[in-house]
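Bear in mind the structure is a predicted one, so any value in this text is a computation, not a measurement. As a basis for the values below, the full set of heavy atoms in this structure was taken, side chains included, without hydrogen atoms, waters or symmetry mates.
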Amino acid sequence: MTPRPSSSGPDPEETATKKAAAKETTTTGKKATAKKATAKKAAAKKTVAKKAVAKKAVAKKAAAEKTVGKKSVAKKSVAEKASGSRAPGRKASGKKAVPAAVRPVETPASPALDAADRERLLAGTHHDPHTVLGAHPVPGGVAFRVFRPYALAVSVLTGELRTELRDDGDGFFSGLLPLGEVPAYRLLVTYEETVQEAEDPYRFLPTLGDLDLHLIGEGRHEQLWQALGAHPTVHEGVAGTRFTVWAPNARGVRVAGGFNFWDGTGHPMRSLGATGVWELFLPGIGAGELYKFEITRPDGSRTFRADPLARRTEVPPATSSVVHASDYTWGDAQWLARRAEAPAHEAPMSVYEVHLPSWRPGLTYRELAEQLPAYVGDLGFTHVELMPVAEHPFGGSWGYQVTGFYAPTARLGDPDDFKYLVDRLHQAGIGVLMDWVPAHFPRDDWALAEFDGRPLYEHSDPLRAAHPDWGTLEFDFGRREVRNFLVANAVYWCEEFHIDGLRVDAVASMLYLDYSREPGQWTPNEHGGRENLDAVAFLQEMNATVYRRVPGVVTVAEESTAWDGVTRATHHKGPSGFGGLGFGLKWNMGWMHDSLQYMSHEPVHRKYHHGEMTFSMVYAYSENYVLPISHDEVVHGKRSLVSKMPGDWWQQRANVRAYLGFMWAHPGKQLLFMGQEFAQGAEWSEAHGPDWWLLDPEYGAAADHLGVRDLVRDLNAAYRATPALWRCDTHPSGFAWVVGDAAEDNVLAFLRLDADGAPLLAVSNFAPVVRHDYRLGVPDDVPAWHEALNTDAARYGGGGVTNPDPVKPEALGWHGRPASIRLTLPPLATVWLRPA
């Protein structure tokens, strides 16, 4: 018997659901003695209809001898009652019985299993236990075969008859009943201290149909989670749970769980043809039960594996899967109805990136739902981006090494609790993006690695399978079933959890065969190139499928190279000959690295790095971009955003404010990681999260941090109210330089324009000096400009150098424009001006 993994057991509130979903086994409540004769006597007292002692003896003798057509009236009466006959001389169908004198004589078959089937069932290598277990017509009647390890006795209950089966040893029981057809029946199983009445799992037809199996075999089942995994259901009128798993290399698969004391010997699954899918319907098993699959590998060894499509898991470090049935009722219909009104790249999008376990440590999904929407809504962000929420064994991976691709992490609650969080964010008008990790998975021996004894989800070539950077395994994107597993997973989060977008992690590592590999450690593709053609095809299929099935969602690529066409449509080929990958947006890693590099320099040196702030506009319209200041930039010695800035504390905060003003005005969507919105000085740590105490009024410098947060709030409000900042984000008509070469002054100025040409003028002075009467060229069709935002305002903690009055253009051409204005530029600040 396999040692039982640690578990929390089923939740108390799920007990009622389990009782309603399935008729639980009944126990006598009396202790049976160790002697088998006494156990049989106790079982005999359970007969449905009481008979006279003489009739009971005759019935028992008739069942034991397995006779057919005996002429004794008493024996014939018992046989007719067992077969359901209504009158002498008629079969169950109502047709006249053939006289015994003219019926062909049949030699009764032995109901016992042959040695080969017994051995395969005991060894866990039987591919089709339903063909030998259960009830089957045979010459002489119906053979009943039951495999119940540890049982003392098993009886068949059918109609008013109870027949005890013969004990064949090793947990096998059999008997031949003189029946014309297989009846409806139940089993009465006697153990040492209990008697259970239960359904026989091996009397049921498969729960998966031909269409499901065909789609799985083709790798085209877009709702794979509805076919595979564990699903409470009613099958052939009986409540229970359907277990299905893909394990094509397995010699046998069994279900083990708390319901069988983690010994799957008595619950072998059947193989459904060439698909590699194994299936078993277990009556009486409901939501909340723990389970794993016990897989016999090709070499005969066994392994216990969590369900790859489990929709719920135990709380780590426990590793069992949990049978789950959702009863959540959504309340976000209005949000879903309007989210597809405009494509993401033509709508405002400012994103607050969150690591849920550490945003406010200790909060559950439901507790987060009471605080996070209010906080994010107050700051004016349009979306949150959740770092991976899929189940993962090691919290220090932040969720980027996933073992439960279909299960939200149980650390914060169950799947319905996570739905509640998403729902509340939607009701607050906030979209939900989620980090999704299809590039690789960890090597834990209870999860996906060599799942059925051979490489299955990972590539069969060790050089292709091993990820060189993270010690993980890469998916085999060329295998259709693996591709299906991932494509369906992307759809699953969007359809089942109403996720509004997926930010796909580590895309670059998927696209290149030589990613982080030296010469000789990789094999070129069929064209001799370094591109991973299988990964390209997978990403194209994933994007096309998600956009087709779930209107209004957006996919975002974390892609750090210059791959051509990341956000181009999949059917449009580019210069490289590839169709686009089909993403909606792409993280602009180049802008992030260049701009942070510029800001880290002392202002006196910035003139030598001016191009780092302007180069992004050379390629700004090659893709649809997001400008990310993510968690990756504020950990592992990289310092927090404010700590990257040069100068004293005042200058550091001023630099951050100026940088954020520049970022919000630059073409592209914005993403800011939690804690950076209030200038946290320390790096982020998943152990304790943001330093919220910095905002405590009792803290002496709280005003400095609150000022930065107030600026972020005002940036978001002005951004959302100004179509020039987002309507033409991905089109050159939405941007125009005013001055991009003022390196000596550390000044950048540009216009943002909406579809009707309405402008916003953004000016950044990255020098620590005030520049009076700084002349800038402007259009001559704006009669006056007013200051819409100034990052040096006193309320943000700045010096209060502003332009309080409307600024009127002069008829003096400047910077190639017909008119110009003179501004006072605050030190280390960004100013936004709009037509007055």
Side-chain angles (χ1 to χ4, degrees), residues 508 558-563 566 586-634 636-647 651-673 676 679 715 725 729-730 732 734-752 761-769 771 774 776 791 815 825-832:
E558 187 215 12
E559 203 284 313
S560 56
T561 73
W563 183 278
V566 172
K586 171 183 172 176
W587 273 22
N588 194 335
M589 311 293 280
W591 172 88
M592 180 267 297
H593 286 297
D594 288 347
S595 61
L596 288 179
Q597 180 71 18
Y598 174 87
M599 294 301 299
S600 69
H601 292 296
E602 291 285 348
V604 69
H605 301 302
R606 284 175 176 169
K607 63 182 178 180
Y608 304 111
H609 302 274
H610 196 75
E612 293 170 357
M613 292 296 267
T614 61
F615 181 65
S616 59
M617 292 311 303
V618 173
Y619 60 86
Y621 302 106
S622 61
E623 303 281 4
N624 305 333
Y625 283 115
V626 175
L627 311 179
I629 302 298
S630 74
H631 64 278
D632 277 330
E633 308 316 312
V634 295
H636 298 327
K638 295 181 182 179
R639 297 175 294 172
S640 69
L641 181 60
V642 72
S643 297
K644 296 177 190 289
M645 305 300 166
Q651 290 176 324
Q652 285 182 312
R653 288 182 291 117
N655 273 301
V656 163
R657 294 193 304 268
Y659 180 69
L660 293 176
F662 172 79
M663 173 181 173
W664 254 251
H666 191 284
K669 314 306 179 185
Q670 302 82 37
L671 180 142
L672 193 64
F673 183 59
Q676 311 316 302
L715 283 170
L725 291 174
D729 237 358
T730 60
F735 177 91
W737 280 113
V738 171
V739 55
D741 58 355
E744 290 291 334
D745 298 334
N746 294 357
V747 170
L748 294 160
F750 53 83
L751 292 167
R752 295 298 309 277
L761 175 61
V763 187
S764 295
N765 175 22
F766 290 114
V769 296
R771 299 197 182 279
Y774 198 85
L776 296 167
T791 66
H815 294 138
L825 301 185
L828 300 175
T830 293
V831 177
W832 291 2

Rounded to the nearest 0.5 Å, what's the gap from [atom1] on [X] to [atom2] on [Y]? Could you check?
{"X": "Lys586", "Y": "Trp563", "atom1": "NZ", "atom2": "CH2", "result": "11.0 Å"}
{"X": "Met613", "Y": "Gln597", "atom1": "CE", "atom2": "CD", "result": "12.0 Å"}
{"X": "Asp594", "Y": "Met589", "atom1": "CG", "atom2": "CE", "result": "12.0 Å"}
{"X": "Asn588", "Y": "Leu627", "atom1": "CG", "atom2": "CG", "result": "6.0 Å"}
{"X": "Met617", "Y": "Trp737", "atom1": "CE", "atom2": "CH2", "result": "7.0 Å"}
{"X": "Thr730", "Y": "Lys669", "atom1": "OG1", "atom2": "NZ", "result": "7.5 Å"}

Side chains of [X] and [Y]: does their closest heavy-atom pair fall under 4.5 Å?
{"X": "Leu596", "Y": "Leu641", "answer": "yes"}
{"X": "Thr614", "Y": "Leu748", "answer": "yes"}
{"X": "Gln651", "Y": "Pro827", "answer": "no"}
{"X": "Gln670", "Y": "Leu715", "answer": "no"}
{"X": "Pro646", "Y": "His605", "answer": "no"}
{"X": "Arg606", "Y": "Met599", "answer": "yes"}
{"X": "Asp729", "Y": "Asn624", "answer": "no"}
{"X": "Trp587", "Y": "Met592", "answer": "no"}

Hey, is the main chain of [Y] close enough, under 3.5 Å, to the side chain of [X] for a donor-acceptor pair?
{"X": "Glu559", "Y": "Thr561", "answer": "yes"}
{"X": "Arg771", "Y": "Asp745", "answer": "yes"}
{"X": "Arg752", "Y": "Ala665", "answer": "yes"}
{"X": "Thr830", "Y": "Ser764", "answer": "no"}

Grab the two heavy atoms, one from [X] and one from [Y], that are nearest each other, plus how far apart they are.
{"X": "Leu776", "Y": "His815", "answer": "CA-ND1, 3.7 Å"}
{"X": "Pro667", "Y": "Tyr621", "answer": "CG-OH, 3.9 Å"}
{"X": "Ala620", "Y": "Tyr625", "answer": "O-CD1, 3.4 Å"}
{"X": "Val566", "Y": "Glu623", "answer": "N-OE2, 2.9 Å"}
{"X": "Gln652", "Y": "Gly647", "answer": "CG-O, 3.7 Å"}
{"X": "Tyr659", "Y": "Ser595", "answer": "OH-OG, 2.7 Å"}

Steps toward side-chain contact (heavy atoms from CB on, under 4.5 Å) verdict (Lys638, Lys644): CA-CA 8 Å; Lys638 295 181 182 179; Lys644 296 177 190 289; 3.7 Å; yes
Residues Ser560, Glu558; criterion side chain to side chain donor-acceptor pair (under 3.5 Å); working and verdict: CA-CA 6 Å; Ser560 56; Glu558 187 215 12; over 6 Å; no
Aromatic contact, Phe766 with Tyr598 (centres under 6.0 Å):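 They qualify: ring centres under 6.0 Å apart.
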Aromatic ring proximity Phe615/Tyr619, centre distance under 6.0 Å: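 Phe615 vs Tyr619: aromatic centres under 6.0 Å.
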Distance-only donor-acceptor check, side chains Tyr774 and Asn765, under 3.5 Å: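 No, Asn765 and Tyr774 have no side-chain donor paired with an acceptor closer than 3.5 Å.
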side-chain contact (heavy atoms from CB on, under 4.5 Å) assessment of Lys607 paired with Asn746: CA-CA 6 Å; Lys607 63 182 178 180; Asn746 294 357; 4.0 Å; yes
Aromatic ring pairing His666/Phe750, orientation class (parallel under 30°, perpendicular over 60°, tilted between):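 The arrangement is perpendicular - the two ring planes meet at more than 60°.
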Step-by-step side-chain contact (heavy atoms from CB on, under 4.5 Å) determination, His593 to Glu612: CA-CA 9 Å; His593 286 297; Glu612 293 170 357; over 6 Å; no
Pair Trp664-Thr791, side-chain contact (heavy atoms from CB on, under 4.5 Å): steps then yes or no: CA-CA 12 Å; Trp664 254 251; Thr791 66; over 6 Å; no
